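Naming convention: chains lettered A, B, ... in sequence-line order (proteins, then strands); numbering from 1 in each chain. Quick caveat, the model's predicted, so the values are computed rather than measured.
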Protein chains: 2
Amino acid sequence: MTSHRPTMNDVARTAGVSLKTVSRVVNGETTVAPDLAARVHAAVESLDYRPHVGASMLRRNDRRTRTIGLLLDDVSHPFSAALHRAVEDQARARGIQVLTGSLDQDPVREQTLAEAFAERQTDGLILAPTGADSGHLGAHTGLPVVFVDRTPTGAAGDTVVSTNVSGAAGAVRHLIAQGHRSIGFLGGHQHLSTTRDRHRGYLRALGSRAGPAVHDLHDPTDAERAAVAMLRGPHPPTALFTTQSMVTLGVVRALRRLSRERSVALVGFDDFPLADLLEPPVTVVAQDPARMGRTAAAALFERIEGYDGPPREIRIPTTLIPRGSGELPI
Amino acid sequence: MTSHRPTMNDVARTAGVSLKTVSRVVNGETTVAPDLAARVHAAVESLDYRPHVGASMLRRNDRRTRTIGLLLDDVSHPFSAALHRAVEDQARARGIQVLTGSLDQDPVREQTLAEAFAERQTDGLILAPTGADSGHLGAHTGLPVVFVDRTPTGAAGDTVVSTNVSGAAGAVRHLIAQGHRSIGFLGGHQHLSTTRDRHRGYLRALGSRAGPAVHDLHDPTDAERAAVAMLRGPHPPTALFTTQSMVTLGVVRALRRLSRERSVALVGFDDFPLADLLEPPVTVVAQDPARMGRTAAAALFERIEGYDGPPREIRIPTTLIPRGSGELPI
DNA sequence: CTGAAAGCGCTAACAT
DNA sequence: ATGTTAGCGCTTTCAG
């Protein structure tokens with residue numbers, strides 16, 4: 001006497017009907033006599049039967065697993081986590097499950113996980129590309145892919161990004177409007193499209209009067225060091241622009257350390273929790289990760305449903321939130 | 001001419017071997033002649049064949065999908081997100097994928113998602129129980145379940161929690177050591193085991209001298225209001241203890257609003273990003289969500305491998321981090 | 001060392 | 001309205 005999980009066959013046997021009738025009832029088809037349906041339901045209850053979606057999917061015509069993959073930089077980073085939550089909510093509304101993975105900017109992991117998801121027959125993939133060539137994905141795995149946060153290299157597909165160039169330019173113009181003429185730039189990984197676009201926005205606003213710049217900052221510690229060096233350098237800027245929250249945080253620490261937090265202005269790209277509770281509160285160009293997630297999910301579901309138009313680039317507006325640090329006069 | 005995804009049969013045909021030989025090569029069995037294996041590998045490459053893990057799992061003896069489910073309060077909350085990341089890292093090391101879901105404290109969602117995961121044949125489940133009866137899970141779904149963060153009601157299973165009672169008691173004793181005698185309590189959802197345990201710790205440290213208390217605070221706004229009311233009440237405490245970061249944040253705002261942040265001491269349970277950059281920096285009882293995630297994953301994998309001992313309760317130590325707000329004298 | 005046949009749990013196509 | 005048969009892509013069992 002085995003204690004396997006019950007199958008449709010077991011249900012059919014105890015209900016005294018055929019396998020196919022059980023299948024019909026379980027799938028909610030209406031062409032079943034009420035009394036038979038009732039017997040099937042009773043058997044399902046008593047055996048605690050649960051359908052096997054894997055087996056079902058294998059035979060079904062549409063071959064949908066109702067599962068999507070979501071690959072982000074780091075599911076524990078606030079931006080990624082907010083985006084994740086938005087994707088999950090859209091998926092839940094459609095009864096779709098979400099497989100997640102963190103890439104840590106590692107292209108090998110990007111490829112490995114994309115393949116693992118493909119082998120698991122996820123119906124599609126939402127991906128924050130690492131920046132390496134993502135060409136293997138769309139064509140290779142045959143999965144519908146929507147890119148989010150960054151534009152991919154070597155691959156085409158719907159892409160959901162923030163208005164990075166104009167958002168950054170707006171931030172820098174905001175500083176200029178306060179009278180600043182020497183505005184320092186502190187940027188993250190240079191190979192990422194976001195970093196490059198935000199740098200472009202910085203340059204666009206400043207023209208030939210660009211200030212000192214440090215690139216390829218990885219973490220708050222790097223950023224803190226770089227900001228201290230910049231402010232102690234030969235031509236210290238009166239204001240700073242940072243391209244991502246990790247860098248912004250390091251700069252906040254640097255300004256505190258130098259007791260310059262009330263004399264050097266700061267605008268950071270990407271909002272972060274408690275920015276409004278710091279002294280001074282930090283002015284940011286806020287992204288809208290929830291909307292990015294919703295939008296990416298919507299685009300992916302359209303593709304999964306068969307929409308086959310050309311790749312779309314959807315730009316989600318950013319918002320300058322003046323809180324204090326960006327409104328310090330020169 | 002159809003453009004299906006290639007199957008093992010297609011590979012076998014182009015390699016000129018039998019289906020079973022392909023299966024052997026794909027599964028890394030060593031009992032295949034080198035030249036046949038080479039032909040198979042070539043065919044796999046040229047067709048871009050990818051095995052179908054669902055079909056494989058269906059026939060396999062162990063019936064493992066190498067997928068686990070992770071159900072948390074809210075994947076975008078810093079605590080949950082950190083825990084998620086730790087689980088993911090443990091899973092990745094074993095080539096296991098993670099399905100995630102946010103429960104928002106909703107027992108219906110807990111049940112629905114647990115069943116959805118069971119239907120997808122996840123090998124196990126890590127769950128932060130909502131507090132409602134979780135009895136349906138372990139027995140019902142037949143899945144190995146490990147509980148995390150909170151102890152379940154009506155269900156047995158390995159459980160990984162913080163040292164909530166002693167952590168809270170330590171925090172309150174810390175305040176007492178600064179001379180405080182009237183210490184207010186601001187707590188989250190009362191039906192959660194964490195909230196109750198932290199309240200118990202608070203009471204244990206204070207004995208009969210417990211101060212004013214507000215329970216069932218849901219969000220920072222509630223907490224802010226409650227703190228303001230408490231400090232304006234007839235017997236305002238000189239120090240506050242909060243049971244979770246959402247409440248702590250609201251209290252920080254309240255103290256600022258009343259300009260009491262340097263005269264009313266505060267220790268919060270659960271650390272949060274930037275707590276050290278506030279003025280004054282916030283003293284907390286830090287949990288270790290990463291370690292909790294690692295531990296829960298390890299326990300789940302043991303269960304999946306067949307370990308069948310009695311339910312274990314694993315308590316992860318907390319750490320008091322004095323930063324300033326908890327060291328204000330009376 | 002290799003292959004042919006059976007069957008995992010389910011649904012599609014075709015009876016009846 | 002119900003049942004029967006075949007087969008999804010794969011691994012198992014058992015034969016060569």
Assess, by modelled atom type and distance only, whether the side chains of [X] and [Y] contain a donor and an acceptor separated by less than 3.5 Å.
X: Ser162(A); Y: Gln287(A); value: yes
X: Arg120(B); Y: Thr67(A); value: yes
X: Thr65(A); Y: Asp123(A); value: yes

- Item | Spacing between Asn9(B) atom CG and dG7(D) atom P, to the nearest angstrom |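 For the pair Asn9(B) CG and dG7(D) P, the rounded distance is 13 Å.
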- Message: From CG of Leu58(B) over to P of dT12(D), roughly how many Å is that when rounded to an integer?
- Response: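 To the nearest whole Å, that distance equals 12 Å.
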- Item | Residue pairs involving residues 28-47 of chain A (criterion side-chain hydrogen bond (donor to acceptor under 3.5 Å, both in side chains); sequence neighbours excluded) |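 Output for this query is empty, none listed.
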- Query: If each of Asn61(A) and Gly54(A) is mapped to the nucleotide of DNA chain C with the nearest heavy atom, which maps nearer the 5' terminus, i.e. the 5' end?
  - Reply: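 Nearer the 5' end of the strand: Gly54(A).
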- Please list, by residue number, the residues of residues 15-31 of chain B whose heavy atoms come closer than 4.0 Å to an atom of DNA chain D; answer none if no residue qualifies.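 When residues 15-31 of chain B is checked for heavy atoms under 4.0 Å from DNA chain D, the hits, listed by number, are Leu19(B), Lys20(B), Ser23(B), Asn27(B).
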- Task: At the 4.0 Å heavy-atom cut-off to chain B, mark where contacts on DNA chain C begin and end, going 5' to 3'.
- Result: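 For DNA chain C, the relevant span reads dC1(C) to dG9(C).
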- Message: Under 4.0 Å, heavy atoms only, any strand: does Val53(A) hit a base, just the sugar-phosphate, or nothing?
- Response: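 Touches nothing.
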- Message: dT11(D), OP1 or OP2 - any side-chain N/O from Arg60(B) closer than 4.0 Å?
- Response: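 Yes, within the criterion.
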- Message: Going by the rule salt bridge (charged side-chain N to carboxylate O under 4.0 Å, His left out), which residues pair with Arg63(A) if we only count those two or more places apart in sequence or in a different chain?
- Response: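 Per chain and number, Arg63(A) pairs via salt bridge (charged side-chain N to carboxylate O under 4.0 Å, His left out) with no residue.
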- Item | Most 5' of His52(B) and Leu36(A) on DNA chain D, judged by nearest nucleotide |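 Nearest nucleotide further toward 5': that of Leu36(A).
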- How would you list, by chain and number, every residue that makes a ring pair (Phe, Tyr, Trp, His ring centres under 6.0 Å) with His189(A), sequence neighbours excluded?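 Listed in chain order: His191(A), His218(A).
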- Message: Distance check, rounded to the nearest 0.5 Å: Ile68(B) atom CD1 versus Ile304(B) atom CD1?
- Response: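 Between Ile68(B) CD1 and Ile304(B) CD1, I get 6.5 Å after rounding to 0.5 Å.
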- Message: Once ring pair (Phe, Tyr, Trp, His ring centres under 6.0 Å) is applied, what residue pairs with a partner in residues 82-130 of chain B remain, sequence neighbours excluded?
- Response: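 For residues 82-130 of chain B, and leaving out neighbouring residues, the ring pair (Phe, Tyr, Trp, His ring centres under 6.0 Å) pairs sorted by first residue read His84(A)-His84(B).
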